[in-house]
Amino acid sequence: MEKPSWPSEKQLNRIKAIVSEMSKRSMEDVRIVVSPYRICPLGAHIDHQGGNVSAMAINKGVLLGFVPSGDAQVVLRSAQFKGDVNFRVDEKQYPNHSNNKKEETIANGHAKLEGDNNWGRYAKGALYALQQKEHCLSQGIVGYICGSDGLDSSGLSSSAAVGLAYLLALENANSLKISPTENIDYDRLIENGYLGLRNGILDQSAILLSSYGCLLHMNCKTKDFKLIRPLDMESSLKSETQKEYQILLACSGLKQALTNNPGYNYRVAECQEAAKILLNASGNSHLEPLLCNVEQEAYEVHKSKLETNLAKRAEHYFSENTRVLQGLEAWALGKLEDFGKLVAASGRSSIVNYECGAEPLVQLYEILLKAPGVCGARFSGAGFRGCCIAFVDADYAAEAAEFVRKEYQKVQPELAAQINPETAVLICEQGDCARIL
């Protein structure tokens with residue numbers, strides 16, 4: 001598989017020209033953060049419980065052009081939003097939880113508070129995270145940020161991509177040497193500490209640790225990770241029948257910010273309550289109430305003590321954790337069809353056991369599974385909004401994309417009408433990790 005070219009020279013030059021004009025500096029001085037979106041084929045909704053997850057970056061994402069400002073001032077402009085954002089790196093930042101405020105989510109994953117020009121809060125969140133880690137910044141940035149053109153990126157961890165882009169830019173401008181694993185924690189401070197979202201570390205890890213051609217495996221309890229390259233991509237014994245694959249991104253048209261949806265945080269709390277009951281029943285009440293601390297045997301023995309909803313959440317965790325481990329083996333052996341079946345089963349468990357699928361997403365998931373050449377599909381992201389992903393035989397990708405577009409229009413004409421037909425179903429490739437050019 002040929003490595004996809006993203007971003008293009010045309011994109012880079014356009015961003016450099018804009019930042020050059022904003023800062024009155026040469027285009028050669030402009031640095032660009034490439035922060036990709038991610039997909040999670042297996043490991044849905046178990047990262048916050050310390051489970052095993054899989055992920056990969058794709059060749060779409062956030063680009064942030066910047067130059068050090070020469071003083072403490074930060075000046076930011078966005079391709080998606082009106083108005084500049086201005087603040088200083090020597091200003092103390094405090095949590096900006098917005099769970100009780102009405103939000104709308106726009107194309108590249110920022111959340112905009114109604115009546116308030118607040119699209120720059122991820123940049124302020126990055127400063128908050130660095131301050132919490134006791135870094136004293138003296139250098140601001142002049143920057144321009146944009147998401148992939150025309151793509152509704154909800155469900156692809158665009159918020160993590162944005163947060164990490166600002167972190168990398170501020171760190172670079174201040175000559176801070178921060179490792180990818182440290183930045184996973186820093187970005188989680190943005191999401192958890194600054195914005196109040198109770199998510200795990202999957203999104204940040206996928207964006208920072210992915211490598212083209214590999215599947216990232218992460219144990220969210222230990223934070224150990226490994227990159228798994230399929231046998232067929234590195235072996236001289238590659239099968240002639242092994243097909244190349246591509247990734248379909250199918251947009252639902254649903255837009256709702258996670259920080260404004262009680263369903264996400266409520267399910268996290270349900271998982272923790274299930275863990276607490278199971279740990280108490282097995283004599284391990286001293287352990288943190290996370291499902292990763294419950295042994296599989298203890299779960300089987302004591303799961304009857306869980307009321308219906310908690311039983312479903314626990315069943316999703318333990319079955320999904322098993323699917324991840326099976327999927328890693330299938331990927332390593334180049335068995336994409338077996339891998340795809342596990343992805344489809346993950347999608348089904350998210351619907352039945354985790355109960356996170358809004359009806360349009362469920363319909364989109366089912367349409368994808370019927371599309372020609374598709375071997376597996378599931379929601380991308382939390383399942384309350386956004387898109388679905390699918391793995392498809394590269395020879396059938398265009399046909400499958402057209403099939404999904406037409407079938408989704410039949411079942412959700414109003415939502416489909418809100419989506420740009422050219423980006424309603426995108427054919428993507430794997431990408432590389434976040435980096436500075």
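Positions are given from 1 along the sequence. What's counted below: heavy atoms across the whole structure, side chains too, no hydrogens, waters or symmetry copies.
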Report yes if the side chains of Leu364 and Phe379 come closer than 4.5 Å at any heavy-atom pair, otherwise no.
no
For the residue pair Gly43 and Val53, what are the closest heavy atoms and their distance?
O-CG1, 3.6 Å
Report yes or no: do Tyr144 and Arg14 form a side-chain donor-acceptor pair below 3.5 Å?
yes
Main-chain N/O of Gly83 paired to Trp119 side chain as donor or acceptor, under 3.5 Å:
yes
How far apart are the closest heavy atoms of Ile419 and Gly253, and which atoms are they?
CD1-N, 3.6 Å
Could you check whether any side-chain heavy atom of Cys375 comes within less than 4.5 Å of a side-chain heavy atom of Asp393, counting everything from C-beta outward?
no
Check whether Asn59 reaches the backbone of Glu429 with its side chain - one donor and one acceptor, N or O, closer than 3.5 Å.
yes
Stepwise, does the side-chain contact (heavy atoms from CB on, under 4.5 Å) test hold for Gln49 with Cys292?
CA-CA 6 Å; Gln49 294 302 299; Cys292 65; 5.6 Å; no
So, Asn192 side chain and Leu197 main chain: donor-acceptor pair closer than 3.5 Å or not?
yes
The reported gap from CG in Leu208 to CG in Leu168 (rounded to nearest 0.5 angstrom) is 6.5 Å
Any side-chain to backbone donor/acceptor pair from Ser35 onto Val62? Under 3.5 Å, distance only.
no
Pair Glu366 + Arg348, salt bridge at N-O below 4.0 Å:
yes
For the residue pair Tyr186 and Glu171, confirm or rule out a side-chain donor-acceptor distance under 3.5 Å.
no
So, Arg405 and Glu402, do they make that salt bridge, N to O below 4.0 Å?
yes
Quick one: CG on Leu202 to CG on Asn52, what's the gap to the nearest 0.5 Å?
11.5 Å
Is any side-chain heavy atom of Ile277 closer than 4.5 Å to a side-chain heavy atom of Leu310?
yes
Heavy-atom count check: over 12 atoms from other residues, nucleotides or ligands less than 6.0 Å from Tyr299 OH?
yes
Do Glu355 and Arg313 sit within salt-bridge range, that is, some charged N less than 4.0 Å from a carboxylate O?
yes
Phe318 atom CZ, over 12 foreign heavy atoms within 6.0 Å
yes
Okay, side chain of Tyr408, backbone of Ser252: is any donor-acceptor separation there less than 3.5 Å?
yes
Please report the closest heavy-atom contact between Ser211 and Leu227, naming both atoms and the distance.
CB-CD1, 3.7 Å
Do the non-hydrogen side-chain atoms of His302 and Lys305 ever get within less than 4.5 Å of each other?
yes
Would one find more than 12 heavy atoms of other residues, nucleotides or ligands at under 6.0 Å from atom CD of Glu337?
no
Closest heavy-atom pair and its distance - Leu361, Gly386:
CD2-O, 3.9 Å
Whether Glu191 and Arg188 form a salt bridge (side-chain N of Lys/Arg under 4.0 Å from carboxylate O of Asp/Glu) is what I want to check.
no
For a quick test of reading the model, state the closest non-hydrogen atom pair linking Trp331 to Gly213 and the distance between them.
CZ2-O, 4.2 Å
Atom CD of Glu414: over 12 foreign heavy atoms under 6.0 Å
no
Could you report the tightest heavy-atom contact between Ala371 and Val404, atom names first, then the distance?
CB-CG2, 4.0 Å
Euclidean distance, Leu63 CG relative to Ser148 OG, rounded to 0.5 Å:
7.0 Å
Glu297, CD atom: more than 12 neighbouring heavy atoms under 6.0 Å:
no
Are the side chain of Ser282 and the backbone of Leu279 linked by a donor-acceptor contact shorter than 3.5 Å?
yes
Who pairs with Phe403 by ring-ring contact (aromatic ring centres under 6.0 Å, His included), at least two apart in sequence or on another chain?
none
Looking only at atom types and distance, does a side-chain atom of Ser179 sit under 3.5 Å from a main-chain N or O of Glu182, one as donor and one as acceptor?
yes
Under the side-chain contact (heavy atoms from CB on, under 4.5 Å) criterion, do Ile247 and Ile427 qualify, and how do the steps go?
CA-CA 6 Å; Ile247 299 161; Ile427 301 170; over 6 Å; no
State, yes or no, whether a side-chain contact exists between Val374 and Leu248 at a heavy-atom distance under 4.5 Å.
yes
Kindly compute the distance separating OG1 (Thr423) from NZ (Lys60), expressed to the nearest 0.5 Å.
9.5 Å
Does any non-hydrogen side-chain atom of Arg378 lie less than 4.5 Å from one of Cys40?
yes
What residue among Tyr194, Tyr122, Tyr166, Phe87 forms ring pair (Phe, Tyr, Trp, His ring centres under 6.0 Å) with Tyr128?
Tyr194
Would you say His217 and Ser54 are linked by a side-chain donor-acceptor pair, where the criterion is simply a distance under 3.5 Å?
no
Any non-hydrogen side-chain atom of Arg121 less than 4.5 Å from a side-chain atom of Val85?
no
side-chain contact (heavy atoms from CB on, under 4.5 Å) between Cys271 and His48: does it pass, once the steps are laid out?
CA-CA 9 Å; Cys271 289; His48 52 71; 4.1 Å; yes
Of Asn172, Ile145, Leu170, Leu76, which is the lone residue that meets side chain to side chain contact (heavy atoms under 4.5 Å, CB included) with Phe66?
Asn172
Treating Arg267 as the side-chain partner and Tyr354 as the backbone partner, does any N or O pair qualify as donor plus acceptor under 3.5 Å?
yes
With a 6.0 Å cut-off (strictly less than), is the heavy-atom count around NZ of Lys303, excluding the residue itself, greater than 12?
yes
Taking the side chain as C-beta and beyond, is there a heavy-atom pair between Pro36 and Trp6 under 4.5 Å?
yes
Exercise: do Ser205 and Arg38 side chains pair donor with acceptor under 3.5 Å
no
Without hydrogens or angle criteria, can the side chains of Asn293 and Lys221 be said to hold a donor-acceptor pair below 3.5 Å?
yes
N/O donor-acceptor pair under 3.5 Å between Gln132 side chain and Leu189 backbone:
no
Using modelled atom types only, decide if a donor and an acceptor are shared between the side chain of Ser319 and the backbone of His316 within a distance under 3.5 Å.
yes
Determine whether Leu249 and Ile58 satisfy the following criterion, side-chain contact (heavy atoms from CB on, under 4.5 Å), listing intermediate values before the conclusion.
CA-CA 10 Å; Leu249 299 180; Ile58 61 172; 3.8 Å; yes
Mind telling me whether Phe391 and Tyr245 have parallel, tilted or perpendicular rings, with 30° and 60° as the class edges?
tilted
Once you round to the nearest 0.5 Å, how far does CD1 of Ile190 lie from CG of Leu164?
6.5 Å
Got a sec: does the NZ of Lys370 have more than 12 other heavy atoms crowding it under 6.0 Å?
no
From Ile367 atom CD1 to Lys406 atom NZ, the distance as rounded to the nearest 0.5 Å
13.5 Å
Taking 4.0 angstrom as the limit, do Glu320 and Arg323 come out as a salt bridge?
yes
